[in-house]
Every structure is written in structure tokens, then in C-alpha cells.
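Working notes, beginning with the structure itself.
Here the structure is a predicted model, which is why all the values come from computation and not from measurement.
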Amino acid sequence: MSAIELLKERGIASALIIDDGYDEVPTSADLSTNDDGWRNFFDDFSIHEEVVAEAFPDYEKVDAGDLIMRDDFVAALWDHRDKLDAGTQEALFGDFSRDKGNDLIFLTGLEDKLKGCGIRPIAVGRDADIPDQETVPLIFVDLFLDGAQNDASEERSIERVLGIIEGRRDDPPLIVLMSRSTRLEQRKEEFRRKSKLLGAMFRVATKSSLEDIDVLTRVLSRLAQHRPDAKKIAKLLHVWDEGLIGARTRFMESVRKLDLTDYAQIRDLLLNFEGQPLGSYLIDVFDRVLQHEIERDTDLIAAAADVNTVDLERYLAPNISGSPDLQELVYRTIYHNPERLNVTGDIGDLPISFGDLLIDKRVFDDPSNLTLPFDVMAVLTAACDLVRDGVDYILLLQGKLKPLGPTAWSYDDKAIRTPIISFADGRRFWISWTIKAVTGWSREDVKVHLADDGGFVKHARLRESVALELQQKMLSNLGRVGQIAPMPACFPVAIQLYRPNANGDWIQLASELLTRRGGVIFVGRDDDSNPNSRLVISEDVCEEIAMLINSLTDEDVPEAGRPSLAKIKAGQGFLTNLEQGLNVSGLKENLLEIRAMVDVGGGPKEEIVAFATRGSNPTKIHKQACKRAVIALIISEPENGPVPMGAS
């Protein structure tokens with residue numbers, strides 16, 4: 001299916017282009033950088049006073065510094081600019097006029113390219129009314145909607161987008177954020193976050209890149225290809241957002257029915273016997289009541305059921321720098337929030353609860369030391385025994401903290417492990433539990449170990465289902481007890497791109513973007529629970545790779561490799577493979593053959609078009625490989641190890 005056919009099938013027949021280049025009249029912000037021009041204007045004010053009086057009769061009532069900040073004054077002076085001398089016109093409005101001219105050249109070209117794709121462009125300025133804003137499926141918007149190009153300019157653009165999509169949260173339009181500014185790269189994630197846009201429905205492109213019809217076509221095709229599934233996710237998030245409001249209301253109505261008398265009865269008839277304090281108990285109960293109210297939302301359930309139909313066979317390349325921090329989601333499903341530990345689960349003098357993790361204090365002494373297997377203890381004595389003095393010794397399972405990396409992430413049910421534990425300084429470990437290393441501390445031992453001068457500190461508390469699973473594995477090696485399956489982990493990797501020269505020696509294709517951004521490896525499991533690793537490269541890095549390849553000529557590669565180069569450049573198969581992600585499970589010394597459907601005459605045919613390997617250089621790729629492929633991807637872990645939680 002061609003790009004035009006795909007756009008038509010997805011119902012993308014019109015596009016809104018929001019850009020201040022369409023505005024014929026400048027604002028004060030457009031001229032705010034022209035301080036010298038304004039200073040000279042008011043220094044020679046007597047020369048211009050007659051024109052100012054005609055354009056803005058109330059000028060005498062306003063301070064000069066305030067005048068230049070007023071859009072109505074700037075607009076009035078612009079309308080009378082022909083009555084100013086040529087030098088003054090140039091000083092005040094010259095940059096604006098030139099920038100507007102350049103913008104219109106780009107915008108006209110963009111409109112023509114969209115028409116060529118079967119899309120009707122709708123051009124509007126920063127404040128113009130927007131026709132059909134409730135139905136337009138695609139929006140191009142400038143990052144800065146005035147010449148100042150500051151935070152206020154960006155907020156203006158965000159508010160413009162929010163105003164359009166606020167009533168369409170369950171069916172939002174596709175957004176392409178564009179700019180000539182070098183700040184586009186660093187501002188795109190903040191723009192997406194503030195606009196509450198789903199990443200799959202949001203793309204970022206420089207205006208210069210959109211002048212290339214191939215780049216524009218790829219951007220539109222990516223957005224269109226996954227629009228139906230992205231709308232399902234967007235609707236789920238919207239319904240969830242709305243559902244939380246209703247669930248909160250019903251939850252509060254329910255719990256407000258309880259009064260002090262009820263709480264007294266709960267304590268007298270239940271908690272005194274269990275030995276549990278009221279505050280901790282109520283948090284546990286309220287958690288479950290709120291969850292029950294969320295689960296009763298029929299719209300949410302329907303939206304979630306609809307997400308079951310999402311086609312995830314084709315993996316998306318992320319278009320925003322960095323991938324979702326899935327390890328952080330895993331962490332939140334395994335542990336209570338640290339603040340929860342401030343509401344103790346005991347009423348006695350024992351400072352621990354069921355599921356608490358006690359960490360060797362040495363882990364905090366040298367944060368740079370990631371090799372020492374620090375001790376960790378899990379409290380697995382039944383909660384009721386802890387708080388009722390039901391036992392003389394506390395049952396603890398011993399484990400070791402180990403650095404978290406791609407090779408450490410596993411779903412093997414035979415391994416007794418907790419996949420992640422995090423620290424405030426950003427470090428992450430996983431916990432290897434020794435199932436036979438069961439020990440007991442007396443109640444006095446617990447107090448000694450957790451004292452200020454003791455060797456352990458209470459660091460985290462496992463959720464009940466996770467602690468129960470660990471307890472059950474310890475006691476009888478039974479399976480999980482209702483635990484949510486851990487999500488895939490993702491780890492950053494460095495990527496280098498090589499091509500062979502005429503002698504068959506591998507030459508690196510330089511790219512600052514590749515060096516800085518690279519990609520990530522998602523580590524999960526396949527249908528048989530075997531390790532499954534997939535390399536995912538961000539969309540802009542894929543685009544950079546495509547541009548590097550397209551820049552190669554026959555003279556850049558050996559004669560034997562020229563047909564392969566032609567195959568790569570002739571079709572999108574290689575780029576599509578990269579964007580969908582490469583299965584790199586077990587990829588170390590061996591080569592991964594990257595195949596793609598290419599068509600250089602005679603119909604589509606699957607060909608080897610590139611190689612991938614892990615290491616630091618491509619010397620292990622034999623020169624004979626050049627006869628089959630002329631591109632090599634070298635994948636390696638960053639020198640400084642995995643990026644810690646919270647790092648950028």
C-alpha cells in the first residue's frame with residue numbers, strides 16, 4: 001500500500017498548519033529582540049511623533065517602555081509603516097518581514113507537498129479561528145508562535161494545541177511539532193507531556209527536514225499506520241482519567257459513612273486481637289475499596305477490552321528520546337511507596353512488618369561500588385505473629401543485591417529473585433534469594449540490627465502478594481500467588497554504523513546523533529519463557545541511519561557490494577526492520593543477518609541487506625560478507641553502565 005493509499009484509508013484527508021508565519025501583522029513579541037531599533041526610534045521621537053499620533057492617538061498616556069509591549073501599538077505602527085522613513089522601517093520591521101518571507105516559502109512548500117499526498121491543508125496563524133477543529137485528523141504546529149522564541153512562546157503553542165484537542169481526548173488528532181530552532185530537540189518531550197499527547201500520535205521534525213518529500217512521507221506514514229491502535233490507547237487513558245474522578249467520588253461517599261463509633265468497633269472486635277494499629281489497617285482497606293470502585297467503571301472496562309485488539313506484532317520505534325522506564329513501573333508493582341513505611345504495621349516495640357526488606361548499610365557507604373554482593377533480608381514471619389508477639393524468633397530469608405543490567409533481567413521461574421530494587425541516588429539492583437538461607441533473629445536481635453549503630457536499615461516493603469509469593473517459594477517452592485507478571489526491562493546501548501570501503505575494510509559512518517542517542521534493548525521472554533531480547537532504535541536515529549545510507553554512492557563501497565547498497569536504497573525494508581526492532585537474543589560473537597523485502601525489478605524478494613553484532617568494532621565480520629551486505633550495526637553497552645533511574 002502506498003503512502004497516499006494508507007493516508008486515505010486512515011481518513012487523513014486534511015491537515016491544520018498553525019504557524020505565526022501566516023500572520024500578516026507582528027506582535028510586540030515578534031519585535032522584542034529589536035532593542036536597538038526601538039531605542040533609536042524613541043531617541044529620535046520628534047521625527048516620528050506625527051506618525052505615532054496618527055497611528056495611536058493615546059500614545060501620550062502610556063510610558064514608552066510600555067508602548068512597545070502593547071500589541072495594539074505595534075499593530076497600529078505596522079499599519080502606518082509606509083509613513084516612516086526607510087531606515088526606521090528596516091530597523092523596526094526588517095527582521096520580521098524577512099523571517100515572514102522565509103516562513104511563507106516553507107509553508108507554501110509544505111502545503112503543496114500535503115496536496116500531493118491527497119491532504120487538504122488548512123492554514124491558520126497563531127490566533128486565527130480554526131475551521132473544522134473538531135474533526136481535523138492531523139495538525140502541524142510551530143514550537144514557538146512568535147519571534148521571541150522563549151518559554152512564553154512555547155506555552156502559547158501548547159495552549160493552542162490543548163484548546164483544539166481538549167474536547168477530543170478519546171479521539172485526538174495526530175500532531176507534528178516543527179521548528180527551525182535548535183531547541184526543538186530538547187523541548188519536544190516537555191511539549192508532549194504538557195499537551196498530554198500519546199507518543200504514537202506525536203512526531204517532531206525540523207522545518208528543513210520537512211522540505212524533503214521523502215522525510216515528510218515517512219512521518220505521515222508512521223503516524224497513519226498506527227493511528228487506529230493509538231486511538232484505542234488514547235481512549236483508555238482518557239477513560240481512565242475520567243474514571244478516577246468518578247471512582248474517587250464513590251469511594252469517598254462510601255468511607256464517609258463510617259464514623260468514630262465504627263472505627264472503635266473495628267478496633268475492639270478485630271484489631272486488638274490481631275494486634276494491628278488502626279491507621280495501617282485502614283490504608284490497606286481503603287486501597288482495595290478504591291480499586292473496587294475503579295473496576296466497576298463500565299466505560300473503562302470496555303476501553304480496556306478494546307485495547308485487547310491492538311495489533312502489537314509490528315513494533316514501533318520510539319520517536320521521543322529514551323524509552324518508557326518500564327523498570328520503574330515494575331518497581332511500583334512490587335513495592336509500597338516508601339512513604340507507606342511511615343505508617344507502621346505494628347503497635348508494639350518491634351520496628352518491622354511482614355514483607356520489609358532489611359538492607360546491609362554498606363550499600364550506602366560507597367555508591368560507586370556495584371560489585372559487592374550486599375546482604376538483604378526479607379521479613380517473612382506472618383504479620384499476625386509479628387504484632388501479637390506470637391513467636392520468639394523472626395523468620396528471615398537471606399539474599400544478595402546484584403547490579404541490574406540486561407544480562408541480569410530474567411523471567412525464569414526456577415530462579416528465586418526479585419527483579420528490581422531502587423535507591424534514592426538512582427542505583428538499581430536485583431535481589432538473588434538463597435532459598436535455603438533461612439535464618440531467625442530474636443526480637444532483641446532485630447532491634448540491635450536496626451539500631452543507629454546496627455548493620456541493617458529498613459529500606460522497602462514488598463506488597464503483600466509479592467511477599468506471599470516469596471514466602472510460599474521458601475516454604476514449599478509453589479508458584480506465584482497472584483503476582484502481576486513483571487514487565488519487560490529496557491537498557492540503553494550504544495550503536496555504531498559501518499560500511500566497507502573499496503578494499504573491504506570497515507569504515508565508521510560518523511553521526512553525533514548515533515553516538516549520543518543509540519537505542520535500547522528490551523529484555524523479556526518468548527512464549528516458552530526463554531530469554532528474548534529486542535533492539536529498539538528511536539525514530540530519529542533510524543532516520544539518521546537512513547540519511548547516512550542514502551548519502552553513500554557506488555564509489556563508497558566495494559564493487560561486489562554495490563547491488564546490496566542499491567537494494568537498501570531502493571526500498572524501505574531495511575528501515576522498516578530497524579523501526580520494528582531487531583531480535584538480538586543471544587547475539588554476542590555471532591552475526592545477525594538483517595533481511596528485508598526489497599524490490600529492484602522483478603518483484604519483491606527477501607535479501608540479506610545488513611549485519612548486526614555485539615562488541616566494539618566490526619573486524620569479526622569477514623570481508624566476504626561485503627558481497628551480501630554493505631552495512632554493519634555494532635551494538636555495545638555504554639561504558640558507564642546502565643542509565644540509573646531518574647537520569648537523562
Side-chain angles (χ1 to χ4, degrees), residues 17-112 121-130 140-160 178-184 187 206-208 210-211:
I17 306 176
I18 306 174
D19 196 294
D20 56 309
Y22 288 120
D23 292 310
E24 298 182 357
V25 180
T27 65
S28 62
D30 292 325
L31 310 180
S32 62
T33 58
N34 197 0
D35 293 336
D36 290 340
W38 282 120
R39 187 179 299 108
N40 294 333
F41 179 81
F42 284 107
D43 285 345
D44 300 328
F45 187 72
S46 59
I47 301 175
H48 315 301
E49 186 170 9
E50 184 177 343
V51 177
V52 173
E54 180 182 345
F56 199 77
D58 293 334
Y59 76 96
E60 292 181 325
K61 301 177 182 179
V62 184
D63 182 76
D66 294 331
L67 268 180
I68 63 176
M69 300 301 294
R70 291 184 56 158
D71 289 344
D72 54 352
F73 170 73
V74 171
L77 196 60
W78 169 262
D79 289 340
H80 290 73
R81 65 189 181 282
D82 292 341
K83 297 183 180 182
L84 299 171
D85 62 85
T88 302
Q89 288 187 49
E90 170 62 25
L92 294 182
F93 304 116
D95 290 343
F96 170 77
S97 298
R98 282 186 291 274
D99 290 344
K100 174 179 169 59
N102 292 332
D103 284 341
L104 285 177
I105 292 174
F106 162 75
L107 293 169
T108 301
L110 178 59
E111 292 177 25
D112 292 340
I122 305 171
V124 296
R126 53 196 155 204
D127 295 318
D129 293 335
I130 301 175
F140 289 81
V141 60
D142 198 357
L143 174 62
F144 301 113
L145 285 183
D146 59 47
Q149 296 198 0
N150 53 23
D151 291 345
S153 306
E154 182 182 355
E155 287 297 327
R156 190 171 191 173
S157 181
I158 292 173
E159 290 173 4
R160 190 72 153 139
M178 58 185 185
S179 180
R180 295 190 189 280
S181 172
T182 56
R183 298 178 61 195
L184 177 64
R187 299 305 302 165
T206 62
K207 288 186 175 180
S208 60
L210 292 177
E211 293 174 350

With [X], which residues qualify under salt bridge (Lys or Arg N to Asp or Glu O under 4.0 Å), at least two apart?
| X | result |
| --- | --- |
| Glu154 | Arg187 |
| Asp127 | Arg156 |
| Asp99 | none |
| Asp20 | none |

Return the set of residues passing side-chain hydrogen bond (donor to acceptor under 3.5 Å, both in side chains) with Asp103 (not counting sequence neighbours), or none when no residue passes.
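Once residues adjacent in sequence are excluded, Asp103 has no partner under the side-chain hydrogen bond (donor to acceptor under 3.5 Å, both in side chains) criterion.
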All side-chain hydrogen bond (donor to acceptor under 3.5 Å, both in side chains) counterparts of Arg183, not counting sequence neighbours
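Only Asp151 meet the side-chain hydrogen bond (donor to acceptor under 3.5 Å, both in side chains) criterion with Arg183.
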Given 3.5 Å as the limit, does a donor-acceptor pair link the side chain of [X] with the main chain of [Y], or not?
| X | Y | answer |
| --- | --- | --- |
| Asp30 | Thr27 | yes |
| Asp71 | Ser28 | yes |
| Lys207 | Ser179 | no |
| Arg160 | Ser157 | no |
| Asp142 | Leu145 | no |

N/O donor-acceptor pairs under 3.5 Å from side chains in residues 52-62, not counting sequence neighbours:
residue, atom, partner, partner atom, Å
Glu54, OE1, Lys83, NZ, 3.1
Glu54, OE2, Lys83, NZ, 2.4
Tyr59, OH, Glu49, OE2, 2.5

Inter-residue atom distance [X].[atom1] - [Y].[atom2], 0.5 Å rounding:
| X | Y | atom1 | atom2 | answer |
| --- | --- | --- | --- | --- |
| Glu155 | Phe144 | CD | CZ | 11.0 Å |
| Asn102 | Leu107 | CG | CG | 10.5 Å |
| Glu50 | Ile47 | CD | CD1 | 12.5 Å |
| Lys100 | Asp19 | NZ | CG | 9.5 Å |

Kindly determine whether Leu31 and Trp78 satisfy side-chain contact (heavy atoms from CB on, under 4.5 Å), including the steps that lead there.
CA-CA 11 Å; Leu31 310 180; Trp78 169 262; over 6 Å; no
For Phe106, ring pair (Phe, Tyr, Trp, His ring centres under 6.0 Å) partners two or more places apart:
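Applying ring pair (Phe, Tyr, Trp, His ring centres under 6.0 Å) to Phe106 gives none.
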What are the two closest heavy atoms between [X] and [Y], and how far apart are they?
| X | Y | answer |
| --- | --- | --- |
| His80 | Ala76 | ND1-O, 3.0 Å |
| Phe96 | Val25 | CZ-C, 4.1 Å |
| Phe93 | Arg81 | CE1-CB, 4.0 Å |
| Ile17 | Pro121 | CD1-CB, 4.1 Å |

Would you say that Ile105 contacts Glu211 through its side chain, given a criterion of any heavy-atom pair below 4.5 Å between the two side chains?
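No - every pair of side-chain heavy atoms lies 4.5 Å or more apart.
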Quick one: list whatever passes side-chain contact (heavy atoms from CB on, under 4.5 Å) with [X], sequence neighbours left out.
| X | answer |
| --- | --- |
| Thr206 | Leu184, Ser208, Ser209 |
| Asp85 | His48, Thr88 |
| Asp82 | Gln89 |
| Ile68 | Trp38, Phe42 |

Charged N to carboxylate O below 4.0 Å: is that the case for Arg126 and Asp23?
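A salt bridge is present here (some side-chain N lies under 4.0 Å from a carboxylate O).
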Run Phe73 and Asp66 through side-chain contact (heavy atoms from CB on, under 4.5 Å) and show every step you take.
CA-CA 10 Å; Phe73 170 73; Asp66 294 331; over 6 Å; no
